[in-house]
Amino acid sequence: MVPLRLDFALALRAFDVELELDVGAETFAVVGPSGAGKTSILRAVAGLARPERGAIACGDELWFDADSNVDLRPEQRSVGYVFQEYALFPHLTVEQNVAFGGGRADRLLRRLDIEHLARAKPPELSGGERQRVALARALARSPRVLLLDEPMAALDPHTRGTVRAELHDLLRELSLPTLLVTHDFEDAAALADRVGVLVAGRLRQVGAPGDLLGSPADPFVARLAGANLLTGVAAPAPSGLTAVLLDAGPTIYVADSTSGRTEVVVYPWDVSLARETPDDSALNHLPDQIVSLTPLGNRARVRLRLLTAEITAASLERLQLAPGDHVVASFKATQARLFSSAG
């Protein structure tokens, strides 16, 4: 029996969210741009928004069915909901916030390692601590389904990696049907067993994070997963390769075959940087200029005029890179993928 089954349509101002999805004892992430309908899915599951048609079921319990006029109130649905800004009561202590969800707070405070914060109030807590409190309150109901709305959005970059790892381990331990929505593919890939890309209320592609990275269904999915998207005109080249004259000027070589208008997908972590053109096996060497540098823990994201590279912090230090510097961006023909503009 599938723990959570969704098959409904919910009208929004600009479009309808139409979703058909089964979620087992796993974390399923819905990722998409702002306004795609992500939070509306959570609201429908929680009973805070009423679909126009369809059904929502948890195991053998029907929470919503338009045909038989079943629509359980939010408090009748076994759902734990962690809101984007956590929605903690600022005048209550941590213990009181967790107890507000029902059940005993002390057990959950110990489980989430926030027992020492029991008497503190939300304004005194860090972002990671507030997230733990919100999770504890959601779990206090002993829910059958967990809903997480942008769980990393309120965290600063220094806290994000640590809290993400802690949340990943907790979700595996809970083994609950969990719906997580986010605009950040990196968060989705780190936390979820499966990811669905939502565009204007519809899932464009569903799969394991690695599947979406390795075989994106279209350029939109690739870009959402963090890829560079370059446009140009393709034509056959020697050795079975395809030459693409980019709109930005340079010509690059790709192992895929196509001709005519095309879009080239290259992931930042497949792009290396050097001060001079390297003598290596890569066919694509693009002179460019650094626009900005963003540290990401043990990596750094380097935005150039044409594309973005992601290199190790050690490489950044070795090359002594800074905004305004001229570099050569390199990648192999096999590390790029083509999408026909007509496809």
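These numbers come from the heavy atoms of this one structure, side chains and all, not from hydrogens, waters or symmetry mates.
- The side-chain heavy atoms of Leu229 and Phe220, taken from C-beta on, include no pair separated by under 4.5 Å.
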query: Can you list the steps and then say if Tyr86 with Val133 is a side-chain contact (heavy atoms from CB on, under 4.5 Å)?
result: CA-CA 8 Å; Tyr86 307 141; Val133 176; over 6 Å; no

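- Transitive grouping of hydrophobic side chains (ILVMFWY, heavy atoms separated by less than 4.5 Å) brings Ile41 and Val206 into a common cluster.
- Residue pairs meeting the salt bridge (charged side-chain N to carboxylate O under 4.0 Å, His left out) criterion with at least one partner in residues 227-247, sequence neighbours excluded, are Asp247-Arg261.
- Note on Trp269 and Val328: separate hydrophobic clusters, where clusters join Ile, Leu, Val, Met, Phe, Trp and Tyr whose side-chain heavy atoms are under 4.5 Å apart, directly or indirectly.
- Although no hydrogens or angles enter the test, the distance criterion places no donor-acceptor pair under 3.5 Å between the side chain of Gln76 and the main chain of Gly47.
- Taking both residues in full, the closest heavy atoms of Ser40 and Val17 are given as CB-CG2, 4.5 Å, listed atom of the first, atom of the second, then distance.
- Residues forming a side chain to side chain donor-acceptor pair (under 3.5 Å) with Asp187 (at least two apart in sequence, or on another chain): Arg160, Arg164.
- For Phe100 and Phe89, the ring centers sit closer than 6.0 Å to each other.
- In this structure, Met152 and Val163 have side chains that are in contact, with non-hydrogen atoms separated by less than 4.5 Å.
- In terms of the side chain to side chain contact (heavy atoms under 4.5 Å, CB included) criterion, residue partners of Ala87 (sequence neighbours excluded) are, by chain and number, Phe83, Arg137.
- Rounding to the nearest 0.5 Å gives a distance of 11.5 Å between CG of Asn284 and NZ of Lys332.
- Shortest non-hydrogen contact noted between Phe64 and Gly54 is CE2-O, 3.4 Å.
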Ignoring hydrogens and angles, write down the donor-acceptor pairs under 3.5 Å from the side chains of residues 27-37, residues two or more places apart or on other chains.
none

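- For the atom pair Leu286 CG and Leu273 CG, the distance stands at 10.5 Å (nearest 0.5 Å).
- With rounding to the nearest 0.5 Å, the separation of CZ in Arg53 from CG in Asp16 is 6.5 Å.
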Sequence neighbours excluded and cut-off under 3.5 Å, please list the side-chain donor-acceptor pairs for residues 319-326, or say none.
residue	atom	partner	partner atom	Å
Gln320	NE2	Glu317	O	2.6
Asp325	OD2	Arg275	NH1	3.3
Asp325	OD2	Arg275	NH2	3.1
Asp325	OD2	Ala322	N	2.9

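- Using a distance-only test at 3.5 Å, with no hydrogens or angles considered, a donor-acceptor pair links the side chain of Arg43 to the main chain of Leu48.
- No donor-acceptor pair under 3.5 Å is formed between the side chain of Glu61 and the backbone N or O of Cys58.
- Identified under the salt bridge (charged side-chain N to carboxylate O under 4.0 Å, His left out) test for residues 285-308, with sequence neighbours left out: Glu186-Arg299, Asp288-Arg305, Arg299-Glu310, Arg301-Glu310.
- Linking Ile, Leu, Val, Met, Phe, Trp and Tyr whenever their side-chain heavy atoms come within less than 4.5 Å puts Leu306 and Val244 in one cluster.
- Judged by distance alone, the side chain of Thr262 and the main-chain N or O of Phe339 form a donor-acceptor pair under 3.5 Å.
- The shortest distance between side-chain heavy atoms of Leu112 and Leu170 falls below 4.5 Å.
- Here the side chain of Asp65 pairs no donor or acceptor atom with the backbone of Val70 at under 3.5 angstrom.
- Without hydrogens or angle criteria, Glu75 side chain to Arg73 main chain gives no donor-acceptor distance under 3.5 Å.
- Listed by first then second residue, pairs satisfying salt bridge (charged side-chain N to carboxylate O under 4.0 Å, His left out) with a partner in residues 195-209 read Glu18-Arg202, Arg204-Asp218, not counting sequence neighbours.
- Take Ser272 and apply the side chain to side chain donor-acceptor pair (under 3.5 Å) test, not counting sequence neighbours, and it matches no residue.
- Of all heavy-atom pairs spanning Arg141 and Val79, the tightest one is NH1-O, 2.9 Å.
- Within the structure, no pair that satisfies the ring pair (Phe, Tyr, Trp, His ring centres under 6.0 Å) test touches residues 164-194, not counting sequence neighbours.
- In this structure, Leu72 CG and Trp63 CH2 are separated by 8.5 Å, a value rounded to the nearest 0.5 Å.
- Among residues at least two apart or in separate chains, there is no salt bridge (charged side-chain N to carboxylate O under 4.0 Å, His left out) pair with a member in residues 220-243.
- Without hydrogens or angle criteria, Glu150 side chain to Gln84 main chain gives no donor-acceptor distance under 3.5 Å.
- The closest side-chain heavy-atom distance from Phe331 to Asn228 is not below 4.5 Å.
- Residue Val291 comes nearest to Leu304 through the heavy atom pair CG2-C, 3.7 Å, listed as atom of the first residue, atom of the second, then distance.
- A donor-acceptor distance shorter than 3.5 angstrom exists from the side chain of Ser78 to the backbone of Arg144, with no hydrogens or angles considered.
- Note on Leu12: it clusters hydrophobically with Leu6, by side-chain heavy-atom contacts below 4.5 Å among ILVMFWY residues.
- Heavy atoms of other residues, nucleotides or ligands lying less than 6.0 angstrom from CD of Glu173 number more than 12.
- Residues meeting the side chain to side chain donor-acceptor pair (under 3.5 Å) test with Thr39, sequence neighbours left out: Asp149.
- With hydrophobic clusters built from ILVMFWY side chains whose heavy atoms lie under 4.5 angstrom apart, Val264 does not share a cluster with Leu224.
- Asp280 is listed as a side-chain neighbour of His285, based on a closest heavy-atom distance under 4.5 Å.
- Nearest heavy-atom pair across Pro177 and Pro3 is CG-CB, 3.3 Å.
- A 4.5 Å side-chain heavy-atom check between Glu129 and Leu117 finds at least one atom pair inside the cut-off.
- Between the CD atom of Glu26 and the CZ atom of Arg172 there is a distance of 9.5 Å, given to the nearest 0.5 Å.
- Proximity of a side-chain donor or acceptor of Asp256 to a complementary backbone N or O of Leu338 within less than 3.5 Å is detected.
- At least one donor-acceptor pair closer than 3.5 Å links the side chain of Gln131 to the backbone N or O of Pro151.
- With contacts defined as side-chain heavy-atom distances shorter than 4.5 Å, the pair Val266/Ile252 does not qualify.
- Expressed to the nearest 0.5 Å, how far CD of Glu263 lies from CG of Leu246 amounts to 12.0 Å.
- In this structure, the side chains of Leu179 and Leu21 come closer than 4.5 Å at one or more pairs of heavy atoms.
- Looking at residues two or more places apart in sequence or on another chain, you find a side chain to side chain contact (heavy atoms under 4.5 Å, CB included) between Ala222 and Pro216, Ala227, Val265, Tyr267.
- In terms of heavy atoms, Phe15 sits closest to Gly201 at CE1-N, 3.5 Å.
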